[in-house]
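What follows is one structure encoded as structure tokens, with my remarks underneath.
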Amino acid sequence: MAEYSALSILKNAFAGNRDWKPAWRKPEPKPTYDVIVVGGGGHGLSTAYYLAKEHGISNVAVIEKGWLGSGNVGRNTTAVRSNYLLPENSRFYEFSMKLWENLSHELNYNVMFSQRGVLNMAHTPGQLDDFARRGNALRHIGADSVMMTTAEIARLIPALDVSGSARFPIIGGLMQWRAGTARHDAVAWGYARGADRRGVDILENCEVTGFLREGDRIVGVSTSRGEIRANKVALAVAGSTGQVMRLAGIDRMPIESHVLQAFVTESLKPFLDTVVTYGAGHFYMGQSDKGGLIFGGDLDGYNSYAQRGNLPLVEEVMSETLAMFPGLARVRLLRSWGGLTDMSMDGSPIITTGPLPGLYLNCGWCYGGFKATPSSGFCFAWTIARDEPHPLTAAFTLDRFHRGLVIDDKGQGSTPRLH
Amino acid sequence: MLIPCPYCGQRDVSEFTYQGDGNRTRPNPSSTDRAAWNAYVYDRTNPAGEHREIWQHSGGCRAHIVVVRNTLTHAVVASSMARARTRADRREPT
Ligand SMILES: Cc1cc2nc3c(=O)[nH]c(=O)nc-3n(C[C@H](O)[C@H](O)[C@H](O)COP(=O)(O)OP(=O)(O)OC[C@H]3O[C@@H](n4cnc5c(N)ncnc54)[C@H](O)[C@@H]3O)c2cc1C
Ligand SMILES: [Zn+2]
């Protein structure tokens, strides 16, 4: 019987719910492991899970400085999609989409993956042409994507201002129906439980403060809970990549840390059963199963490690909300927050061996790494286990910037805040 | 976030445009040193703490200014005209 099933719920209900096990243990650190994964976000946890499940490497520790899920995995707005333009990205994210489609079964944990679609709206003929190009590129690699007319969009989202007199009239859109949302906390908890049950130690409140070396080679980490050694040390610290790399003596990276804010309103009746993006600015919105509208916009636009942003961006996001949905003017905002994003110089991620012997690196997720949680862990685990890149992530190297092999999906150049 | 413009005084961040990391030095335009160009274009120190950066007071006097700002607290520690720095750089032999 699966740990969570209708039968186990019934059985435990009769037993007064006293027999449930905690989803993961709180072990003491062992002195050595085969692999240490630094960072207990979505990517670190899924990496540990696939190391144990796919490669039989279960003598693994996940080291997290705060509590599990305190980083971006618990701060994002949960949009999952694969509609990128360049094949290096779209193939990788489409693989992730396939893992998402079976994730609740895989983990025996309901991650509430809901394929409600993600719609990008176009406001100029040039934008519409660009979307058609991206849609065709996606269909070419076997991912789904369809163009929608304004009339179809109006039927799908009645609350949208589709009038010709809107400040930026909507003239069509690109829809990916298999895209959608998932419950971010459940993804972290599901991977954590799956890894823990296979023997992985999840060490919370344990901050990596330095690296242990033998010559050039990294052979472990020093932490706030003592020294821990390992044959391989893998980093998945997202927004803190620059800081942790500095501990390893590497003080320049093709990454800037920026703050991204997000917002949630009071609960409303069903209002929006898809995720929609505004093409005239940088804005997107979805509705949670609880009823809150979850939305966000651009980065604040300057380097930041503060995990909070400033008011001009709040004002901009609110004005975009009203440009799209004038009817939301009186809805109350419940909360806003910020997260640390690891903006790479071409907007694409890095998954690679090195750059030091014994070290493995996973970073550069910008503000879009939640959707990659399954595939990032899958491919990173492969890279760690076999000491070579997974074919799907072979292009995501760290030295691609200096070799002229950037993967710049938006064509923005090396200005990270614009990706 | 308030940024002190050396010319206009304390102003709201919305009046400014971020021009990015101010720790980089552009190689001499006639340089063919690929490593130096790559480092200039792609590599960042990205510190958690005091960061030297360039802003333009685009909604004000339009001057380019060098700001030292703490990326953990957003507090500005110092600001000065960028042209002062450019003049100083120019005096250095190349
Ligand atoms: C507001 C917001 C909205 C977003 N919306 C979306 C979205 O809709 N769709 C999408 O796909 N993506 C989205 N993202 C991006 C996504 O959340 C991130 O790219 C992704 O979560 C990063 O991977 P992670 O989960 O492993 O990161 P994190 O959860 O941040 O994990 C990194 C962990 O490393 C730990 N750590 C750091 N330093 C140390 C140290 N020295 N020692 C030990 N541990 C350390 C941190 O505490 C943290 O828990 C959003 C991000 C933000 C901020
Ligand atoms: Zn000024």
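In this text the structure is predicted, and so the values were computed from the model without any measurement. Every chain is numbered from 1 and lettered A, B, ... according to where its sequence line falls, protein lines coming before strand lines.
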Report task. Measure A:Arg417 against the heavy atoms of chain B and call it side chain, backbone, both or neither at under 4.5 Å. Result -> side chain
Requested in this report: Can you establish whether the number of heavy atoms outside B:Trp37 located under 6.0 Å from its atom CH2 is more than 12?
Outcome: yes
Requested in this report: Would you mind telling me which of A:Asn303, A:Leu311, A:Val259 has the largest number of heavy-atom pairs within less than 4.5 Å of chain B?
Outcome: A:Asn303
Report task. Apply side-chain contact (heavy atoms from CB on, under 4.5 Å) to the pair B:Asp43 and A:Met345, showing each step before the final yes or no. Result -> CA-CA 9 Å; B:Asp43 297 348; A:Met345 290 292 148; over 6 Å; no
Query - Residue part contacting chain B, namely of A:Glu256, when any heavy atom lies under 4.5 Å - result: both
Query raised in the report: Around atom CZ of A:Arg225, are there more than 12 heavy atoms of other residues, nucleotides or ligands at under 6.0 Å?
Result: yes
Report summary line: Between the CZ atom in A:Arg246 and the OG1 atom in B:Thr45, the distance rounded to the nearest 0.5 Å is 6.0 Å
Query - Residue, of B:Val13, B:Thr73, B:Thr71, B:Leu72, that accumulates the most heavy atom pairs under 4.5 Å with chain A - result: B:Thr71
Requested in this report: Give a yes-or-no answer on whether the side chains of B:Tyr42 and A:Asp346 include a donor-acceptor pair shorter than 3.5 Å.
Outcome: no
Query raised in the report: Given that the side chain runs from C-beta out, which part of B:Trp55 has a heavy atom under 4.5 Å from chain A: side chain, backbone, both or neither?
Result: side chain
Report summary line: Applying a strict 4.5 Å limit to non-hydrogen atoms, the region of A:Asp251 in contact with chain B is backbone
Report summary line: Scored by heavy-atom pairs under 4.5 Å with chain B, the best of A:Thr415, A:Leu313, A:Ile255 is A:Ile255
Query raised in the report: Given side chains that start at C-beta, do those of A:Pro312 and B:Met1 come closer than 4.5 Å, heavy atoms only?
Result: no
Query raised in the report: Which atom pair, heavy atoms only, marks the closest approach of B:His74 to A:Ser304?
Result: NE2-OG, 2.7 Å
Query raised in the report: B:Glu53, B:Arg34, B:Arg69, B:Gln19: which one forms the most heavy-atom pairs within less than 4.5 Å of chain A?
Result: B:Arg69
Query raised in the report: Would you say A:Tyr302 and B:His51 make side-chain contact, with heavy atoms under 4.5 Å?
Result: no
Report summary line: Rounding to 0.5 Å, atoms CG (B:Asn46) and NE2 (A:His258) come to a distance of 7.5 Å
Query raised in the report: Measuring from A:Ser257:OG to B:Arg44:CZ, what's the distance to the nearest 0.5 Å?
Result: 12.5 Å
Query raised in the report: Do you know which of A:Arg308, A:Gln243, A:Gln307, A:Glu315 has the most heavy-atom pairs with chain B at a distance under 4.5 angstrom?
Result: A:Arg308
Query - Most chain B-contacting option - heavy-atom pairs closer than 4.5 Å, from A:Glu316, A:Met253, A:Met245 - result: A:Met253
Query - Engaged part of B:Asn70 at the chain A interface, taking heavy atoms whose separation is under 4.5 Å - result: neither
